[in-house]
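All ligand and atom numbering here is 1-based and tracks the order in the structure. In this text the structure is predicted, and so the values were computed from the model without any measurement.
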Amino acid sequence: MPRILPIRHQPALPLDRLILREPPSAETMEMDVLIVGAGPAGLACAIELARLVKRDQETGGGMADLNIGVLEKAGSLGEHNLSGSVVNPRAFRELFPELQLSDLPFRQPVPNEAVYFLTGSRARRIPTPPTMHNSGYYTASICEMVRWLGERAEELGVNLFAGFPADALLVDGQAVRGIRTAPSGLDRERQPGPGYSDPTDLTARVTVIAEGTRGLLGQAWRAWQQVRSPNPQLFALGVKELWEVKRPLDAVVHTLGWPLPTNAFGGSFMYPLGPTQVALGLVVGLDYHDASLDVHELLQRMELHPLFRPQLEGGHLLEWGAKTIPEGGYYALPERRSGDGVLFAGDTVGFVDVPSLKGIHYAMQSGMYAARAAFAALKADDVSRQSLSAYDRMVDGSYIVADMRATRNMRLAFKDGLYVGGVKAGLMTLTGGRFPGGRIAMAEDARTPRTPSPAARFTPDGALTFSKVDAVFKSGNATRDTIPSHLIVGQDVTAEVAEFYSHMCPAGVYERVGNELRVNPPNCVDCKATDVLGPRWTPREGGSGPKYRAM
Ligand SMILES: Cc1cc2nc3c(=O)[nH]c(=O)nc-3n(C[C@H](O)[C@H](O)[C@H](O)COP(=O)(O)OP(=O)(O)OC[C@H]3O[C@@H](n4cnc5c(N)ncnc54)[C@H](O)[C@@H]3O)c2cc1C
Ligand code: SF4
């Protein structure tokens, strides 16, 4: 069978629809600072900004009140956030110096930690690589953290607009002036149905885009402004489950090896979330080679392994979800993350250190820097690219970029497979990132050819292992069936490509029926894997998608 090159079947980014040069509508809502995305980056930005204004006013600085708004596509805060999550509390401490660690929204301190190399039937404990030490950190639910941050933001007078997806950037010349939201209440043919509401235009003096992984607005802006990076951004897909368990887990656990093929990059995590809950997930680089690799299914198989099974048996699945992670690291950072009237923070930029699987504190810290740059620009009444470029300088001089630089080639080394990559990563750690010299060049994930192979059959038992249909139910997704498709599918999808998409999507949105592709858009949990390797993802009616509670 011929190999599949995903990029050949992927539609182009719909730039015309994402960058709108028309003037905002007459009923536009005007704000001073508009933040897109109520994740750790967006909310830390809002909180820091509101505090800077307050402090300035209290010390006689003369800053007027600012109208700060945060737009979120989920129906309520936290419902679209998913993470491991082991949190480095550094950014929380800086944002809330007045609070004790026990006041912060964490579940528990990291107790012990263990790393295992798995084969199909055994688990061999290996020394914890220096990049994977988590002592002094905390396990947490990102949904809970986001809801807590949202409350802090509201106390400071920030306006939170949940259920409002930003659909396009409103621009004027080279400047970003705000966003247009997605309409709601359309029927399958995109005609206004019951409960229809028009898109809303929101304008601002500064727009901060904190839309998370594989951000659409960020992609559009970089393409429009021709902002480059040395390497393209790479992604991994993480599928995660939250379990109620009978036995407490006493360590933060990571594994390498099985069930992944040796030419795929990734690993699993299992984290304790208090005495009765465990978070479990599998993360796989989207440059895998086997077209029938299915991350959801691999996670299900993994749960039957002797390392995991005794932990889960007798318990039950509480929640399921999926999300991509930007993995390109230092060399995939865009050369600038600021422009006229606009700043970009968090995962949409790619501030994630892959060897340690950490992004939350970098997202928050970058949001805080964005707040400082926006505050200074507004105070000086100059929101030009030059003025806002102070943000880039802050990020470049910070621990965010320093940490990413130290591990700059580590993920990239694994393009040669697990064993060669493992040896190279060890040398990189020993030399503080200096080995092997320059940059390892990478291509976009969609340019990695995929080899079709017969998929091994797996039948979930409904107790320890679950089908994609059951999994989507556990994500809380109750998107109405009559919603128009938000996925832009290419023209030439062959039977083999349809098969590849059906394995790639963890939520069963794509199915191969005969030789055709069938698409079930309401199932989508916004993980964005499709946007990396297949049909393009676009925002849809606010409140659609998953309703995570404690991911
Ligand atoms: C499986 C997995 C495990 C991870 N484990 C860890 C870990 O243990 N520790 C760690 O530190 N990091 C971990 N990370 C990474 C971490 O979760 C991210 O780096 C972090 O969440 C990034 O924060 P953010 O605010 O940039 O993006 P997000 O948390 O993704 O928030 C972005 C927000 O923007 C909203 N949004 C997106 N588009 C729009 C739009 N168009 N309009 C309106 N709203 C929009 C989203 O709904 C979301 O609420 C993990 C990630 C994954 C997927
Ligand atoms: S269709 Fe939705 S759930 Fe499926 S891969 Fe794409 S973004 Fe993820």
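Residues I483 and R188 fail the side-chain proximity criterion, which asks for heavy atoms closer than 4.5 Å.
For C505, every N, O or S atom stays at 2.8 Å or more from atom 8 (Fe) of ligand 2.
The proximity of V509 to ligand 2, defined as any non-hydrogen pair under 4.0 Å, is limited to the side chain. Contacts between A363 and ligand 1 below 4.0 angstrom, taking non-hydrogen atoms only, involve the side chain exclusively. At a 4.0 Å heavy-atom cut-off, ligand 1 does not touch Y362 at all. At a heavy-atom cutoff of 4.0 Å, ligand 2 is contacted by both the backbone and the side chain of C524. The proximity of V239 to ligand 1, defined as any non-hydrogen pair under 4.0 Å, does not occur for either the backbone or the side chain.
In this structure, A74 does not count as a contact residue of ligand 1, since none of its heavy atoms falls inside 4.0 Å of the ligand. Heavy atoms of L357 come nearer than 4.0 angstrom to ligand 1 in at least one pair. Ligand 1 lies within reach of E72, whose nearest heavy atom is under 4.0 Å from it. Look at A210 and you'll find a heavy atom under 4.0 Å from some atom of ligand 1.
In this structure, a donor-acceptor pair under 3.5 Å is present between the side chains of H503 and E499.
Judged by the 6.0 Å and 45° rule, R222 forms no cation-pi pair with W224.
If you number the atoms of ligand 2 from 1 as listed, the ones under 4.0 Å from a heavy atom of V525 come out as 2 (Fe), 3 (S). Interface of F164 with ligand 1, defined as ligand atoms under 4.0 Å from a residue heavy atom, comprises 43 (C).
One distance of note links CG of L249 with CZ of F308; it measures 10.0 Å at 0.5 Å rounding. With values rounded to the nearest 0.5 angstrom, S544 atom OG is found 8.0 Å from D526 atom CG.
Salt bridge K358/D353: absent, no basic N to carboxylate O contact under 4.0 Å. Ion pairing of K468 with D294 is present here, as a side-chain N (NZ or NE/NH1/NH2) and a carboxylate O approach within less than 4.0 Å.
Note on ring orientation: taking the six-membered ring where Trp is involved, the planes of H254 and Y271 are perpendicular (angle over 60°, cut-offs 30° and 60°). Classified by interplanar angle (parallel below 30°, tilted 30° to 60°, perpendicular above 60°), the ring pair F344/W221 is tilted.
The closest heavy-atom contact to atom 7 (S) of ligand 2, among the options M504, K528, R536, H486, comes from K528.
Between T213 and ligand 1, a contact under 3.5 Å exists for no N or O pair.
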